[in-house]
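Data block below; observations after.
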Amino acid sequence: MILQKILLIAGVICLILAVLLVLRPRWVAAVPAFVGLLLMHWSYYINVPMMTFGFWGIATLITIGLFYLSPSGEPDGHSASNLYVGFTAMAGGMLGILVAPRIMVLGVILGAAMGQLAYSRTPAGKWMLTPSIQFWRYFAAKCLPAIVALSIVCIAIMGIVID
């Protein structure tokens with residue numbers, strides 16, 4: 001019983017760390033999110049199918065590769081886009097959970113895309129023209145890791161709320 005509570009607390013701490021790493025990226029946010037999901041599953045507070053672990057484990061490995069292959073930062077040195085993408089992706093995930101748990105990931109994707117689109121309309125994001133290849137490169141480099149991490153966090157939240 002005590003071990004279950006310790007695993008639950010450690011899992012929640014990892015999930016909070018993942019959200020913080022999405023907002024202020026220093027390393028791949030999907031890794032602590034995936035570890036947090038594993039710890040919460042091992043604590044028996046949520047039940048996650050093995051297929052889900054396999055899918056999001058591969059997605060986490062892809063985001064690690066994206067992290068090491070992508071250039072660090074933005075062309076102008078700003079990092080405010082992480083706040084736009086992170087908050088809107090999390091809001092999209094929460095709305096997706098409220099509407100229907102099956103479309104939670106779609107909510108995260110649409111939220112991240114809307115956050116990037118909103119950032120591209122600010123003076124700091126003028127370099128990112130909306131219908132250009134820069135927009136989609138930035139989406140692949142910065143939004144996909146946030147989508148993976150926040151989807152894993154939302155799966156854990158959904159497991160606690162629904163079970």
Side-chain angles (χ1 to χ4, degrees), residues 1-70 72-74 78-116 118-119 138-163:
M1 189 66 169
I2 294 174
L3 180 63
Q4 291 175 347
K5 298 252 188 237
I6 291 171
L7 289 173
L8 177 69
I9 291 170
V12 169
I13 290 171
C14 285
L15 294 174
I16 291 170
L17 178 65
V19 171
L20 291 176
L21 283 174
V22 166
L23 299 176
R24 294 285 178 204
R26 302 283 183 253
W27 199 60
V28 183
V31 173
F34 189 73
V35 170
L37 185 67
L38 278 172
L39 291 173
M40 291 183 75
H41 178 72
W42 289 337
S43 72
Y44 299 112
Y45 278 94
I46 64 173
N47 186 16
V48 181
M50 284 300 148
M51 183 74 114
T52 303
F53 282 122
F55 178 81
W56 290 109
I58 292 170
T60 300
L61 291 175
I62 290 170
T63 58
I64 291 170
L66 280 175
F67 177 77
Y68 287 113
L69 293 176
S70 299
S72 62
E74 296 177 16
H78 291 120
S79 63
S81 66
N82 299 320
L83 298 174
Y84 281 87
V85 170
F87 281 126
T88 56
M90 195 65 191
M94 293 297 115
L95 285 174
I97 289 173
L98 289 175
V99 172
R102 293 185 179 267
I103 62 167
M104 178 269 309
V105 175
L106 181 63
V108 174
I109 293 169
L110 290 176
M114 291 299 114
Q116 182 180 342
Y119 178 70
Y138 191 81
F139 187 82
K142 300 297 180 183
C143 290
L144 286 181
I147 288 169
V148 170
L150 292 176
S151 293
I152 294 171
V153 170
C154 287
I155 288 170
I157 292 171
M158 190 170 50
I160 290 173
V161 170
I162 291 178
D163 285 340

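Below, each value reflects all heavy atoms present in this structure, side chains not excepted, and no hydrogens, waters or symmetry copies.
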Got a second to check how far [X]'s [atom1] is from [Y]'s [atom2], nearest 0.5 Å?
X	Y	atom1	atom2	result
Ile109	Leu144	CD1	CG	8.0 Å
Ile97	Ile162	CD1	CD1	7.0 Å
Tyr119	Cys143	OH	SG	11.5 Å
Leu110	Thr88	CG	OG1	10.0 Å
Ile62	Leu69	CD1	CG	12.0 Å
Leu39	Ile6	CG	CD1	11.5 Å

Partner residues of [X] under the side-chain contact (heavy atoms from CB on, under 4.5 Å) criterion, sequence neighbours left out:
X	answer
Leu38	Phe34, Trp42, Phe53
Ala59	Trp56, Val148
Leu17	Leu21, Pro32

Thr60 vs Ile152, side-chain contact (heavy atoms from CB on, under 4.5 Å): CA-CA, chis, key distance, verdict: CA-CA 10 Å; Thr60 300; Ile152 294 171; 3.8 Å; yes
Test side-chain contact (heavy atoms from CB on, under 4.5 Å) on Ile157 and Met90; report intermediate values, then the result. CA-CA 11 Å; Ile157 292 171; Met90 195 65 191; 3.7 Å; yes
Provide the closest heavy-atom pair for [X] versus [Y] in the form atom of the first, atom of the second, distance.
X	Y	value
Met40	Ala156	SD-CB, 4.1 Å
Phe139	Gln116	CD1-OE1, 3.1 Å
Gly86	Leu23	CA-CD2, 3.9 Å
Val48	Ile46	CG2-CD1, 3.7 Å
Val28	Thr63	CG1-OG1, 3.6 Å
Cys154	Met94	SG-CE, 3.6 Å

Assess the residue pair Leu7 and His41 against the criterion (side-chain contact (heavy atoms from CB on, under 4.5 Å)); give the C-alpha distance rounded to whole Å, side-chain angles, the decisive distance to 0.1 Å, and a yes or no. CA-CA 9 Å; Leu7 289 173; His41 178 72; over 6 Å; no
Check the pair Asn82, Val22 against side-chain contact (heavy atoms from CB on, under 4.5 Å), reporting the backbone distance first and the verdict last. CA-CA 7 Å; Asn82 299 320; Val22 166; over 6 Å; no
Side chains of Lys5 and Ser43 in contact at under 4.5 Å (non-hydrogen atoms): no
